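Have a look at the structure below before the remarks.
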Amino acid sequence: MTADPSNLVIAAAFDELADLYELDGAVVHRVLAYRSAAKTARDATVSVAGMTRKGTVTSLPGIGKTLEEKLVALLDTGTIPAAEKLRATYPPGLLEMTRLPGLGPKRARKLFDELGIDSLEMLRAAAETQKLRDARGFGPKFEASVLSSIAAGIGDRPAQRVLLHRALEIGEAIVQALRAHPASQRVELAGSARRRADSVKDLDIIATASDPGALARALGELEEIESASAPNEHAARGLTHTGLPVDLRVVEPENFGNLLQHFTGSRAHNVALREAAVRRGLHVSEYGILDDETGETLRCATEEEVYERLGLTYPEPELREDRGELAADFAPPRLVALGDIRGDLHMHTTASDGHASIEEMALAARDRGYAYIAITDHSATHGFGNHVTPEQLERQIELVAQANERVDGIQILAGTETNILPSGSPDYDDDLLSRLDWVVGSIHTAFGTPENEMTKRMIAAIEHPWIDAIGHPTGRKISTRGPYALDIDAVIEAAARTHTMLEINAAPDRRDLDDVHARAAAQAGAMILIDSDAHRVATLANMRWGIATARRAWLEPKHVANTRPWPQFAALRKRAR
DNA sequence: GCCGTTTTCGGCCCGACTGTTTTCAGTCG
């Protein structure tokens with residue numbers, strides 16, 4: 001028996017159906033229904049396949065009888081008949097064509113029907129020979145646009161996204177510089193960067209100013225900006241040296257709340273917000289809230305006012321993904337913050353592939369206000385860089401004891417990041433592990449293992465008496481490597497049952513567990529741990545990105561083990577129970 | 001295709017821009 005499709009696979013199937021139905025000319029709301037179902041699958045904190053088997057899947061928002069049937073077909077046969085049929089009608093090249101700016105599904109379909117164009121290559125050839133203008137609604141400007149887009153490589157790849165830490169590094173510098181400008185009054189970062197998403201595709205900045213035109217012109221003068229298009233009195237657009245687009249909007253103070261809310265998004269949050277508003281006879285846009293009864297548009301100076309006027313509870317930006325934050329019974333969580341963290345339980349030293357000593361890491365952690373840390377160098381079978389033999393780990397225990405004597409004000413735990421072997425066993429013997437204070441188990445090898453075996457391997461590790469926590473549980477790397485196949489529901493259940501902590505690894509390209517899985521884990525009663533996985537003193541600061549993911553997962557300090565003072569944390573460890 | 005303080009049919013967010021067009025559909029965010 002093959003494993004059930006993951007929520008991500010189901011979401012991709014619905015997205016593909018949405019694309020295909022759109023090409024097929026379906027009414028927009030049918031297409032939107034599939035996109036909405038895809039979002040539901042991506043955000044679901046339990047297995048959609050599992051719910052389908054239990055017959056409860058239609059309780060999910062946006063999934064009704066028809067989509068349930070399609071899910072059943074996908075589970076039973078591995079495919080959806082409607083998708084098979086549409087795939088046979090519309091070549092994949094048609095979808096690639098719609099990646100070009102100005103060419104959507106309607107117009108791509110028209111070129112396919114009237115000129116037989118079904119690939120980027122055919123499109124380019126037709127543009128070069130000026131054949132595109134033969135189709136009604138297409139002209140010379142479109143032909144030129146096609147050629148320049150294809151020459152620029154658009155269409156060969158999806159739009160590039162930048163990891164959050166890179167985007168914020170630039171975005172926060174730009175915001176600081178604009179705030180220092182004499183004409184500026186208020187400057188705030190909006191968009192997905194403000195929501196602390198995994199990655200962003202541009203930076204949105206909202207401002208008020210005593211001289212709006214002067215502030216708009218100032219954007220192009222910043223050292224972070226490589227080029228800027230002609231600014232006007234209320235907007236400017238620039239490109240950073242790394243190619244990240246930056247949009248600045250300067251508004252009147254009375255309107256600041258509307259703009260900041262509008263440009264913070266997400267799209268799904270804003271759509272749901274506006275739908276909720278319509279039910280109250282109100283219409284929300286970036287310009288204000290139009291009241292059907294009075295015909296007047298209410299302008300809001302603050303975001304809080306926007307939500308209050310709509311009868312909604314203010315959600316922190318990280319929650320604005322339409323994952324329940326707009327519900328009538330929404331109770332705003334007291335989200336975990338960097339200042340809540342008391343310890344960091346995953347870091348490396350020169351004993352393996354780190355760049356600092358035990359003492360250097362300890363002193364730097366103490367400077368960050370931590371009360372305890374664990375030294376968790378890679379283990380004996382680590383396939384790359386230095387590794388720590390059992391004999392060296394024995395020596396490491398002594399070195400940590402010595403460091404504890406020399407460094408005051410912080411508790412240093414002797415630990416390891418032990419490899420979880422394909423068998424599910426750690427790669428040190430139990431006797432050695434039992435003499436450590438702390439053990440993180442991580443998978444670093446055989447990523448291609450099938451789901452049922454990988455799940456068994458992971459659960460065996462979780463059930464091991466000396467493994468306190470699982471490091472980067474899914475192995476994903478944002479935008480470069482997907483998660484290995486894993487029944488995450490089963491893993492979470494095992495972790496909750498055995499009091500094994502699940503890590504949110506804060507490395508900015510990992511953030512693993514992700515927001516959806518971390519939320520699911522906390523809901524299921526598993527204890528979450530947020531670790532920097534630092535390999536040098538400076539990257540202890542990566543904790544920030546783990547906090548960002550935890551906040552997007554609605555986590556409060558009580559859900560996160562290392563918000564506790566040392567005695568309480570020590571008692572939470574599996575070995576202390 | 002979903003859904004219901006307008007319930008089982010008829011709705012289903014908001015606004016700007018573009019190129020091509022005689023008044024707007026499609027695209028985009």
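Below, all heavy atoms of this structure are taken into account, side chains as well, without hydrogens, waters or symmetry copies. Since the model is a prediction, treat every value here as computed from it, not as a measurement. In what follows, chains are A, B, ... by sequence order, proteins preceding strands, each numbered from 1.
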Item to complete: Have a look at A:K201 and say if it touches a base, only the backbone sugar-phosphate, or nothing, with a 4.0 Å heavy-atom cut-off.
Response: nothing
Discussion item. Nearest to the side chain of A:K106, heavy atoms from C-beta on, is which of B:dG26, B:dC13, B:dT20?
Written reply: B:dG26
Discussion item. Considering every strand and a 4.0 Å limit on heavy-atom distances, what is the contact class for A:V271: base, sugar-phosphate, or nothing?
Written reply: base
Discussion item. Classify A:V284 by what it touches in the nucleic acid, base, sugar-phosphate, or nothing, heavy-atom distance under 4.0 Å.
Written reply: sugar-phosphate
Discussion item. Both conditions, 6.0 Å and 45 degrees, for the charged tip of A:R186 above the ring of A:F256: are they met here?
Written reply: no
Worksheet item: Between A:K70 and B:dG1, is there a side-chain N or O to OP1/OP2 distance below 4.0 Å?
Response: yes
Fill in: Separation between CG of A:D15 and CZ of A:R35, rounded to the nearest 0.5 Å
6.0 Å
Worksheet item: B:dC3 and B:dT8: how far apart are their P atoms, nearest whole angstrom?
Response: 16 Å
Discussion item. Under 6.0 Å from the ring centre and within 45 degrees of the ring axis: does the NZ or CZ of A:R309 meet both conditions for the six-membered ring of A:Y314?
Written reply: no
Worksheet entry | A:F263 CZ - B:dG15 C1' separation (whole Å) | 10 Å
Discussion item. Does A:H262 reach a base, just sugar-phosphate, or nothing at all? Heavy atoms under 4.0 Å.
Written reply: nothing
Worksheet item: Is any side-chain N or O of A:S36 closer than 4.0 Å to OP1 or OP2 of B:dG1?
Response: no
Worksheet entry | Distance in angstrom units between A:L32 CG and B:dG1 P, rounded | 13 Å
Worksheet item: For A:R267, which contact category applies under a 4.0 Å heavy-atom criterion: base, sugar-phosphate, or nothing?
Response: base
Practice prompt. Would you indicate what A:L100 reaches in the nucleic acid, counting non-hydrogen atoms under 4.0 angstrom: base, sugar-phosphate, or nothing?
Written response: sugar-phosphate
Worksheet, complete the sentence: When A:Y287 and A:F138 are each assigned the nearest nucleotide of DNA chain B, the 5'-most assignment goes to A:Y287
Worksheet item: Quantified in whole Å, what is the C1' atom distance between nucleotide B:dT7 and nucleotide B:dC2?
Response: 13 Å
Item to complete: Would you indicate what A:L67 reaches in the nucleic acid, counting non-hydrogen atoms under 4.0 angstrom: base, sugar-phosphate, or nothing?
Response: sugar-phosphate
Item to complete: Have a look at A:P245 and say if it touches a base, only the backbone sugar-phosphate, or nothing, with a 4.0 Å heavy-atom cut-off.
Response: nothing
Worksheet item: If the P atom of B:dG26 is compared with that of B:dT21, how far apart are they to the nearest Å?
Response: 14 Å
Discussion item. Could you measure the distance from the NE2 atom of A:H241 to the CD atom of A:E224? Nearest 0.5 Å is fine.
Written reply: 7.5 Å
Worksheet item: Between A:R511 and A:W545, is NZ or CZ placed under 6.0 angstrom from the six-membered ring centre and within 45° of the ring axis?
Response: no
Worksheet item: Between A:H283 and A:K141, who's closer to the 5' end of DNA chain B by nearest nucleotide?
Response: A:H283
